Amino acid sequence: MKACQISPVAADGALHRVDLPRPVPGQGEVLVRVRAASLNYRDLLVAQNVYGATLERVIPLSDGAGEVAEVGPGVTGLKAGDRVAGAFYPDWVDGPITAGARVRSLGANMEGMLAEYVVLPAHAAIPIPDYLTWEEAATLPCAALTAWHALSVVANVRPGDTVLLQGTGGVSMFALQFARIMGARVIQTSGDAAKRARVTEMGADAVIDYKAEPDWDRPVMDLTGGRGADVVIEVGGPGTLERSFRAVRVGGTIVSIGFVGGGAEVNPRAVIGKSIRLQGLTVGSCAMFRDMNRALALHELRPVIDRVFPFEEAAAAYAHLRAGAHFGKIVIAI
Ligand SMILES: NC(=O)c1ccc[n+]([C@@H]2O[C@H](COP(=O)([O-])OP(=O)(O)OC[C@H]3O[C@@H](n4cnc5c(N)ncnc54)[C@H](OP(=O)(O)O)[C@@H]3O)[C@@H](O)[C@H]2O)c1
């Protein structure tokens, strides 16, 4: 089968085109013919070996979708032809996160989705909604599930809540769509005028240019009548966290997800003074993925895809992500 590999240990970011034997599903496993894969900021970290991956060579990318090609012994509930996506953490089946559940993740320390075939534990091959294309379904496992976990499981967003989203990357665009079906009001930031216009078209109630307004917590306060946002989905990290402390309401929730903004040390005093709930999270469980897919199917939400690259141009897809001009998800068709 055709595949790409990276070398996390070499940390050179190079993608190597390889031909590998088609893997064989063992007890309780399924073989999936991958149709599309998608990229996350995390995949840049894996390629640069700042993700803690220790393999000499691995097939990268956590996210992908395809059809079951073969089931191994003992598999029930899935059959050849079923449309599935892989779970980011195959060992996190249900319940709260545990140390063991987050040890293995696709495309870092086990084979990922940038290949024609992948073997997955059957419970981690999650059926995808019928209405989604392969490319759309390939965007779900990391960014979408992270946004779903943050809004519906951690923050328990209620109709009428104000949700503050940062930027227009994969996580934030899914969060916009989920927040809207949950009945929340969305305030979103973006450093790009064209992206701000698109976010408004998609239903954001207010959009702030964080480059022109580095004190963007002030307009958030103005827009909420001095109260602050109920929930902040924090993807900026040290570069934005102190602003988020100011922008969230007293007793509000900040879900700490990413660190695209760079930046320095953070002073936690506001967390204490404003009684902020600051909760980190990492992607989600297989059970959360199934729950999210039910909501997606009901509302027929369409993931925002920036661009689809052919398999042969996988390196260009990585470069496109690195450049940061994308709006939504970057996909590779396989
Ligand atoms: N905890 C988890 O499980 C989890 C899961 C997924 C992702 N993450 C993390 O979450 C972060 C976002 O991931 P992603 O895949 O959505 O990334 P992405 O698609 O690469 O999006 C990055 C976006 O962030 C915005 N941005 C950059 N600097 C910013 C700043 N200083 N303030 C506000 N926004 C800024 C930009 O939006 P504009 O161009 O509109 O300004 C950019 O397009 C990453 O750090 C990633 O590692 C964590």
Side-chain angles (χ1 to χ4, degrees), residues 38-48 50-52 61-63 87-89 92 97 101-102 105-108 139-151 153-154 164-177 187-200 202 204 207-217 220 232-244 247 254-264 278-285 288-289 303-307 317-331:
S38 91
L39 285 161
N40 290 285
Y41 188 80
R42 167 258 199 191
D43 299 308
L44 301 178
L45 305 179
V46 174
Q48 291 153 10
V50 284
Y51 195 76
L61 305 191
S62 57
D63 289 13
F88 186 99
Y89 289 122
W92 189 6
I97 186 75
R102 60 184 288 277
S105 64
L106 296 185
T139 68
L140 301 178
C142 179
L145 186 55
T146 300
W148 174 262
H149 182 179
L151 292 171
V153 182
V154 171
L164 173 62
L165 304 176
Q166 298 171 340
T168 56
V171 173
S172 297
M173 292 314 300
F174 278 114
L176 168 59
Q177 297 188 70
I187 302 175
Q188 192 149 359
T189 69
S190 174
D192 181 278
K195 294 179 182 180
R196 285 195 296 279
R198 291 186 66 185
V199 158
T200 304
M202 287 186 60
V207 190
I208 300 166
D209 179 353
Y210 63 78
K211 288 185 179 156
E213 302 201 57
D215 298 343
W216 45 262
D217 51 295
V220 174
V232 182
I233 303 301
E234 236 301 328
V235 299
T240 54
L241 201 47
E242 293 215 37
R243 293 267 154 223
S244 294
I254 298 177
V255 191
S256 181
I257 285 175
F259 36 85
V260 289
L278 178 62
Q279 168 84 55
L281 67 75
T282 175
V283 194
S285 67
M288 290 178 204
F289 199 163
V304 178
I305 293 180
D306 177 80
R307 196 163 152 191
Y318 269 76
H320 189 56
L321 177 65
R322 218 172 280 118
H326 58 286
F327 180 83
K329 298 297 296 177
I330 299 165
V331 174

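Just follow the structure's listing: the first ligand is 1, and inside any ligand the first atom is 1. Model, not experiment: these values are computed from the prediction.
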Peer 1: Please list, in number order, the atoms of ligand 1 under 4.0 Å from a heavy atom of Gly258.
Peer 2: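 By the 4.0 Å cutoff, the relevant atoms are 9 (C), 10 (O), 11 (C), 45 (O).
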Peer 1: Could you check which of Thr146, Asp63, Ile233, Leu281 puts a non-hydrogen atom nearest to atom 1 (N) of ligand 1?
Peer 2: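 That would be Leu281.
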Peer 1: Is there a donor-acceptor contact under 3.5 Å from the side chain of Glu234 to the main chain of Gly237?
Peer 2: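 Yes.
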Peer 1: Backbone, side chain, both or neither: what part of Ala143 comes under 4.0 angstrom of ligand 1, heavy atoms only?
Peer 2: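 Under 4.0 Å from ligand 1, Ala143 contributes no heavy atoms.
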Peer 1: Just need the protein heavy atom nearest to atom 32 (N) of ligand 1, so name the residue and atom and give the distance.
Peer 2: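 Going by distance alone, atom 32 (N) of ligand 1 is nearest to Thr240 CG2, 3.6 Å.
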Peer 1: Just wondering, do His326 and Arg307 contact through their side chains at under 4.5 Å, heavy atoms?
Peer 2: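 In short, these two side chains do not touch, never coming nearer than 4.5 Å.
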Peer 1: Any side-chain heavy atom of Met288 within less than 4.5 Å of one from Val153?
Peer 2: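 Yes, at least one pair of side-chain atoms sits under 4.5 Å.
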Peer 1: In the protein, what heavy atom is nearest to atom 48 (C) of ligand 1, and what distance, to one decimal place, separates them?
Peer 2: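 Answer, as residue, atom name and distance: Ile257 O, 3.0 Å.
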Peer 1: So for ligand 1, is Cys142 a polar contact partner (N or O within less than 3.5 Å, distance only)?
Peer 2: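 No; the residue has no nitrogen or oxygen that sits under 3.5 Å from a nitrogen or oxygen of the ligand.
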Peer 1: Are His326 and ligand 1 in contact, using a heavy-atom cut-off of under 4.0 Å?
Peer 2: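 Heavy atoms of His326 do come under 4.0 Å of ligand 1.
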Peer 1: Could you tell me whether the side chains of Thr282 and Tyr89 share a donor-acceptor contact shorter than 3.5 Å?
Peer 2: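 Side chains of Thr282 and Tyr89: pair found under 3.5 Å.
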Peer 1: If you take all heavy atoms of Phe327 and Asp306, which pair is closest and at what distance?
Peer 2: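 Closest pair (atom of Phe327, atom of Asp306, distance): N-OD1, 2.9 Å.
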Peer 1: Working to the nearest 0.5 Å, report the span between CZ of Arg322 and CD1 of Ile330.
Peer 2: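 Result: 10.5 Å between the selected atoms.
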Peer 1: Hey, is Arg243 close enough to Asp215 for a salt bridge, meaning N to O under 4.0 Å?
Peer 2: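 Salt bridge flag = yes for Asp215 with Arg243.
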Peer 1: I need the nearest protein heavy-atom contact for atom 31 (N) of ligand 1: residue, atom name and distance, please.
Peer 2: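 For atom 31 (N) of ligand 1, the nearest protein heavy atom is Gly261 CA, 3.8 Å.
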Peer 1: Between Thr200 and Gln188, is any side-chain donor less than 3.5 angstrom from a side-chain acceptor?
Peer 2: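 Short answer, no.
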Peer 1: Are a donor atom and an acceptor atom from the side chains of Arg196 and Thr189 found within less than 3.5 Å of each other?
Peer 2: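 Not at all, the side chains of Arg196 and Thr189 share no donor-acceptor pair under 3.5 Å.
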Peer 1: Is the contact between Phe327 and ligand 1 made by the side chain, the backbone, both, or neither, using heavy atoms and a 4.0 Å cut-off?
Peer 2: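 Contact part for Phe327 vs ligand 1: neither.
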Peer 1: Find all atoms of ligand 1 within a distance of less than 4.0 Å from any non-hydrogen atom belonging to Thr168, and give their numbers and elements.
Peer 2: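 Reading through ligand 1 atom by atom, the close ones are 37 (O), 38 (P), 39 (O), 40 (O).
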Peer 1: Is Val260 touching ligand 1 with its side chain, its backbone, both, or neither, if touching means heavy atoms under 4.0 Å apart?
Peer 2: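 Both backbone and side chain.
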Peer 1: Taking C-beta and beyond as the side chain, do Ile305 and Thr139 meet within less than 4.5 Å on heavy atoms?
Peer 2: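 Yes, at least one pair of side-chain atoms sits under 4.5 Å.
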Peer 1: Looking at Gly167, which atoms of ligand 1 are within less than 4.0 Å of one of its heavy atoms?
Peer 2: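 Those qualifying, in numeric order: 25 (C), 34 (N), 37 (O), 40 (O).
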Peer 1: Can you sort out which atoms of ligand 1 are near Val283, meaning under 4.0 Å from one of its heavy atoms?
Peer 2: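 By the 4.0 Å cutoff, the relevant atoms are 2 (C), 3 (O).
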Peer 1: Which atoms of ligand 1 have any heavy atom of Ser190 under 4.0 Å away?
Peer 2: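 Ligand 1 atoms under the 4.0 Å threshold to Ser190: 38 (P), 40 (O), 41 (O).
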Peer 1: Does an N or O from Lys329, backbone or side chain, lie closer than 3.5 Å to an N or O of ligand 1?
Peer 2: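 In fact, backbone or side chain, Lys329 has no N or O that close.
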Peer 1: For atom 39 (O) of ligand 1, what is the nearest protein heavy atom, given as residue, atom name and distance?
Peer 2: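 Here the closest protein heavy atom is Lys195 NZ, 2.8 Å.
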Peer 1: Which option out of Tyr210, Tyr41, Phe174 puts a heavy atom nearest to atom 27 (C) of ligand 1?
Peer 2: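 Among Tyr210, Tyr41, Phe174, the closest heavy atom to atom 27 (C) of ligand 1 belongs to Tyr210.
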Peer 1: Considering only protein heavy atoms, which is closest to atom 21 (O) of ligand 1, and at what distance to one decimal place?
Peer 2: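 Sorting protein heavy atoms by distance from atom 21 (O) of ligand 1 puts Gly169 CA, 3.1 Å first.
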Peer 1: Measure the distance from atom 45 (O) of ligand 1 to every protein heavy atom, then report the residue, atom name and distance (to 0.1 Å) of the closest one.
Peer 2: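 Of the protein heavy atoms, Phe259 N, 2.9 Å lies nearest.
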Peer 1: Just how far is it from atom CG of Asp43 to atom SG of Cys142, taken to the nearest 0.5 Å?
Peer 2: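 Nearest 0.5 Å value for the CG-SG distance: 7.5 Å.
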Peer 1: Show your working on side chain to side chain donor-acceptor pair (under 3.5 Å) between Arg42 and Ser105 and close with a plain yes or no.
Peer 2: CA-CA 11 Å; Arg42 167 258 199 191; Ser105 64; 2.9 Å; yes
Peer 1: Hey, is ligand 1 close enough to Val171 that some N/O pair sits below 3.5 Å?
Peer 2: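 Yes, there is a polar N/O contact under 3.5 Å.
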